[in-house]
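The chains referred to below are lettered A, B, ... by the order of the sequence lines, with proteins before strands, and numbering in each begins at 1.
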Amino acid sequence: MRREPDMKPEPTSDEDLLRAFAGGRKAALAELARRYERPLLGFANGLLAGRNDRVACDVVQETWLRVICYADSFDGRSGFKTWLYRIAINQCKSVWAARPQPVSSEAAIAQADSAAGPERMVQDAELAAHVRLAVAQLPPEQRLVVLLCYHNGMTHAQAAEILEIPLGTLKSRLHAALRDLRERLSAETKP
Amino acid sequence: MTAEHDEQLEQALTKLTTWHGPVPHLWRRALGAAKTKRARASARLQWLLRQPLSAGIAASIIVIALGATIAINLPHLRMKYDHSQAARRRAPAASDLRGVEAVGKRVVEGRVITRVPEIRNELESLGYVGLAECRRQRIPRIRARHDGVPIRRLGGDPTLCHRRSRPVRVGRRSG
């Protein structure tokens with residue numbers, strides 16, 4: 001059966017969508033945003049712990065702006081997801097550099113309380129606040145690794161590709177970060 | 001910490017990078033910002049082009065660009081030139097021994113390059129002698145045979161070294 005020209009299948013891969021956007025289709029960017037905007041916001045929010053949600057929004061908006069501006073120059077050497085997260089991480093690093101803001105435990109707990117819904121248990125909220133605080137106190141490389149590895153079903157291989165480090169390095173950093181977190185949390189939760 | 005604590009930690013870490021609020025569609029704002037950025041850049045360029053000094057600035061830019069290009073390429077060109085000169089110095093006969101015929105023509109016309117030993121040897125093997133030798137021994141300058149045929153018969157005149165005449169192509173047999 002002959003297929004009509006307007007019945008062409010929609011491009012499904014991220015890279016196809018980006019190419020379609022570079023070719024002038026705004027709907028392709030909308031589809032990419034539908035796939036990635038929420039995870040990106042969560043990741044940026046986790047990475048910029050202790051700051052206002054607005055900062056995370058700014059970072060994600062700036063990330064999209066860069067995607068729009070440089071869609072033509074995307075060479076496909078890495079996947080779109082890798083490229084997107086690299087941009088977001090660089091934006092977060094810029095924020096770290098421009099506005100270094102140590103997280104206080106009160107601010108972290110207040111943020112956790114504001115995020116907690118009525119269904120969430122207080123204990124969970126407290127633990128989340130402590131974890132947020134402990135993560136924010138990690139060295140930047142370990143913080144990036146631990147957040148990326150526990151983000152939205154990201155595999156270790158994907159995280160290593162995004163961070164441009166060998167898989168072994170990623171695993172050793174993750175191990176060190178988790179050990180550090182456990183120590184901090186056990187010290188904090190001790191009476 | 002226990003395994004239960006580890007699980008709680010992992011859950012907390014996962015929740016740490018999860019967005020709970022509504023999605024603000026930041027890509028739309030980014031699209032608008034990109035459009036504004038482009039429009040601003042275009043307006044700036046147009047403003048620049050409208051300026052009376054823009055022609056002068058453009059000319060200066062071109063001159064600077066040309067100068068930079070030459071400055072960048074000059075060492076490369078110089079190196080190429082030096083290499084070619086060195087090659088010529090190393091192999092002087094290479095350009096002059098392109099063919100015995102051409103050399104022979106020059107010999108017959110009395111313009112022998114006798115300072116180049118390779119040419120001299122080549123010519124002597126063909127039976128040519130230098131002008132000084134010619135005068136000293138009182139012999140015709142072209143005395144030997146070429147390919148078994150006397151040069152004289154080839155249409156050449158053995159006294160050509162003294163008297164300029166129609167040049168003879170050595171090695172070409174006439175009818």
Discussion item. Using side chain to side chain contact (heavy atoms under 4.5 Å, CB included), reason through Arg182(A) and Asp6(B) one step at a time and then give a plain yes or no.
Written reply: CA-CA 8 Å; Arg182(A) 282 188 203 108; Asp6(B) 276 353; 2.7 Å; yes

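- Only the side chain of Phe21(A) comes within less than 4.5 Å of a heavy atom in chain B; its backbone stays farther off.
- Both the backbone and the side chain of Ala30(A) come within less than 4.5 Å of a heavy atom in chain B.
- Considering every non-hydrogen atom in both Leu31(B) and Ile68(A), the closest pair reads N-CD1, 3.5 Å.
- If you tally non-hydrogen atom pairs under 4.5 Å between each of Glu37(A), Arg38(A), His151(A) and chain B, the highest count goes to Glu37(A).
- Between Leu185(A) and Leu9(B) there is a side-chain heavy-atom pair separated by less than 4.5 Å.
- In this structure, the side chains of Leu16(B) and Tyr150(A) stay at 4.5 Å or more apart for every pair of heavy atoms.
- When side chains are defined from C-beta on, Arg29(B) does not count as touching Leu65(A), because their heavy atoms never get closer than 4.5 Å.
- For chain A, the option among Val23(B), Thr18(B), Thr17(B), Leu13(B) with the highest count of heavy-atom pairs below 4.5 Å is Thr17(B).
- In this structure, chain A has heavy atoms under 4.5 Å from both the backbone and the side chain of Thr14(B).
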Please tabulate, for side-chain N and O atoms in residues 170-179 of chain A, each donor-acceptor pair with protein atoms closer than 3.5 Å (sequence neighbours left out).
residue   : atom : partner   : partner atom : Å
Ser172(A) : OG   : Gly168(A) : O            : 3.4
Ser172(A) : OG   : Thr169(A) : O            : 2.9

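- Distance CZ/Arg28(B) to CG/Leu29(A): 10.5 Å, rounded to 0.5 Å.
- Looking at Arg38(B), only its side chain comes within 4.5 Å of chain A, counting heavy atoms on both sides.
- Chain A forms more heavy-atom pairs under 4.5 Å with one residue of His25(B), Lys37(B), Gln11(B) than with any other, namely His25(B).
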Practice prompt. Any chance you could lay out the side chain to side chain contact (heavy atoms under 4.5 Å, CB included) test for Trp27(B) and Val60(A), step after step, and finish with the verdict?
Written response: CA-CA 8 Å; Trp27(B) 65 276; Val60(A) 174; over 6 Å; no

